[in-house]
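Only one structure is covered here, and it is reproduced in the block below.
Naming: A, B, ... by sequence-line order, numbering from 1 per chain.
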Amino acid sequence: MPELPEVEVVRAGLEPAVTGAVISGVEVLDRRALKRHDPIRGDFATLLTGARLRGAVRRGKYLWFPLAGSSREADVPADSSTGSDVLSGGDVLSGRDVLSGRDVLSGRDVLAGGDGLAGGDVLAAHLGMSGQMLLREPGRDDKLTRIRLTLDHPEHGELWLNFVDQRLFGGMMIDSLVPTPDARPAGFGGALEPGAWIPRTAAHIARDPLDPHFDDRAFFAGLARRRTGIKRALLDQTLISGIGNIYADEALWAARLHYDRQAAGIPLTRRRDLLEQVRGVLRRALAEGGTSFDAQYVNVNGNSGYFAHSLNAYGQQGKACPRCGGEIVRESFMNRGSHFCPRCQRKR
DNA sequence: AAAAGTACCTGCGCGC
DNA sequence: TGCGCGCAGGTACTTT
């Protein structure tokens, strides 16, 4: 389901509700929704109960919520003999400034709660194909809720956060932060400055094209090296993140590129144009609240976005191409649909 | 090493 | 109405 615009709608919707909230209850209704959680680090519910959420951060389609460290961690003496990063003066492993005892990720004092958590741990989430994060009045259940967090917010009071996922390709986990390879802020955190720390599970993906630190030149060079079709390259989250099947088809339509054209053979000017189209499509979709065809994709209140009305190629098979009037076709590719206009998106 | 294939899942809508 | 089938917006792991 959700690609960058949809995940960003979720992030922005959650941000005011989770920032500063304490997790007062955790119900894991289906353990398969924890499949990326490493049980060795402790029980998900136990670790999370009592922890305080500090914000909501996103890179591409990955979401995470930095947690305040546990009381136990806060008692750790300022011992610079272990794991301290000389250059930053901070503790690489925990994301905490060892000398000052303050949390370098937020600049705030580490709070008690979430016993067993290390400073710099996060609640990480991926929505997969069908995941939703719904904010509800306590007592309001949703069918297919897999994990429920009860949030206690100093201003908003008590809320349920239902993680709903039909297909169970998504999930939640507790993860630790590692330094970003380029030492720049990890992702988009709204009001929260995420710092140059990223969850281990998301560390391998590239920045997304709306990230101010996205490296355009590295992307163009990466495309030039790919011996594969351009759509495969766009969907490769290690090259550029946040794009899924819908926006790949839409951006390729806008750039007049055939989905299976060899990435390496595309001239630089057209690679530049493609990136511009990618950004345009993602920004427009975001402005309309994301794309939804049904209740499968919704924001945190359960409402749908409007971008489905603006699609030019995705799902438009049989209809006229809005640009040239040719007929949009759907072809099976990579076990999914590719939608394009054979007239203005020619392979050669 | 990079690229392609496969596994992971459930529910819905469609045609018969 | 009931049933089987195809379809779904993603990622991680394995194989080549």
Side-chain angles (χ1 to χ4, degrees), chain A residues 1-10 29-38 58-63 124-133 142-147 163-173 175 199-206 208 221-252 259-260 262-264 278 281-282 285-286 288-299 304-308 310-311 313-318 330-339:
Chain A
M1 144 177 87
E3 306 180 33
L4 185 153
E6 292 77 32
V7 180
E8 175 54 24
V9 167
V10 169
L29 304 168
D30 190 326
R31 297 204 69 82
R32 292 174 298 178
L34 294 181
K35 63 171 179 268
R36 297 178 203 195
H37 177 78
D38 179 3
R58 179 192 57 75
R59 174 188 287 204
K61 306 170 199 171
Y62 286 80
L63 276 174
H126 197 291
L127 302 180
M129 292 275 258
S130 51
Q132 303 172 24
M133 307 257 259
D142 287 289
K143 199 179 153 190
L144 301 174
T145 299
R146 309 297 190 180
I147 299 170
F163 177 79
V164 174
D165 190 7
Q166 177 200 118
R167 293 178 71 186
L168 287 160
F169 288 175
M172 290 180 139
M173 67 183 295
D175 201 5
R200 196 179 295 277
T201 40
H204 65 291
I205 74 162
D208 63 67
L223 285 185
R225 259 184 269 115
R226 295 288 155 137
R227 315 199 128 258
T228 187
I230 183 63
K231 182 167 175 181
R232 282 196 134 93
L234 285 182
L235 293 176
D236 181 348
Q237 306 294 303
T238 66
L239 178 63
I240 183 170
S241 68
I243 304 173
N245 204 37
I246 296 177
Y247 298 113
D249 281 1
E250 288 300 304
L252 289 167
Y259 66 85
D260 202 22
Q262 278 298 300
V278 164
V281 165
L282 294 178
L286 189 50
E288 296 187 43
T291 302
S292 35
F293 309 114
D294 49 45
Q296 189 72 266
Y297 171 70
V298 291
N299 66 14
S304 297
Y306 291 96
F307 195 68
S310 309
L311 295 171
Y314 186 88
Q316 306 303 300
Q317 60 271 29
R330 177 187 186 279
E331 283 181 8
S332 209
F333 177 71
M334 296 170 71
N335 286 324
R336 55 214 324 198
S338 275
H339 312 75

Q | C/dT14 and B/dC9, which share atom name P, separated by this distance in whole Å | A | 15 Å
Q | Partners passing side-chain hydrogen bond (donor to acceptor under 3.5 Å, both in side chains) against A/Thr238 (at least two apart in sequence or in another chain) | A | A/Asp236
**Q.** Under the side-chain hydrogen bond (donor to acceptor under 3.5 Å, both in side chains) test, residues paired with A/Glu8 that sit two or more places apart
**A.** A/Arg11, A/Arg58
Nucleotide N/O of nucleotides 13-16 of chain C paired with protein N/O under 3.5 Å:
none

Q | Qualifying residues under ring pair (Phe, Tyr, Trp, His ring centres under 6.0 Å), relative to A/Tyr314, sequence neighbours excluded | A | A/Phe293, A/His339
Q: Starting at the 5' end of nucleotides 1-10 of chain B, put B wherever the base has a protein heavy atom under 4.0 Å, S where only the sugar-phosphate does, and a dash everywhere else.
A: --SSSB-BBB
Q) Using a cut-off of less than 4.0 Å, is there contact between a side-chain N or O of A/His204 and OP1 or OP2 of C/dT11? A) no
Between the protein and nucleotides 13-16 of chain B, which nitrogen or oxygen pairs are less than 3.5 angstrom apart?
none

Q. For residues 221-251 of chain A, which residue pairs qualify under ring pair (Phe, Tyr, Trp, His ring centres under 6.0 Å), counting only residues two or more places apart or in two chains?
A. A/Tyr247-A/Phe307
Q: Please report the shortest heavy-atom distance between A/Arg226 and A/Ala264, naming the atom on each side.
A: O-CB, 3.2 Å
Q: Can you sort out the partners of A/Phe163 under ring pair (Phe, Tyr, Trp, His ring centres under 6.0 Å), two or more places apart, ordered by chain and number?
A: none
Q) With sequence neighbours left out, what residues match A/Tyr259 under side-chain hydrogen bond (donor to acceptor under 3.5 Å, both in side chains)? A) A/Glu331
Q: Name all stems that contain residues of DNA chain C, defined as runs of 3 or more consecutive Watson-Crick or G-U wobble pairs, both distances under 3.5 Å.
A: B:2-8 with C:10-16, B:10-16 with C:2-8
Quick one: side chains of residues 228-235 of chain A, donor-acceptor pairs under 3.5 Å with protein atoms, not counting sequence neighbours, listed by atom name and distance.
from     : atom 1 : to       : atom 2 : distance (Å)
A/Lys231 : NZ     : A/Asn245 : OD1    : 2.6
A/Lys231 : NZ     : A/Asp249 : OD1    : 2.7
A/Lys231 : NZ     : A/Gly337 : O      : 3.3
A/Lys231 : NZ     : A/Ser338 : OG     : 2.7

Q) Listed by chain and number, what are the side chain to side chain contact (heavy atoms under 4.5 Å, CB included) partners of A/Asp142, not counting sequence neighbours? A) A/Leu134, A/Arg136, A/Arg140, A/Thr145, A/Asn162, A/Val164
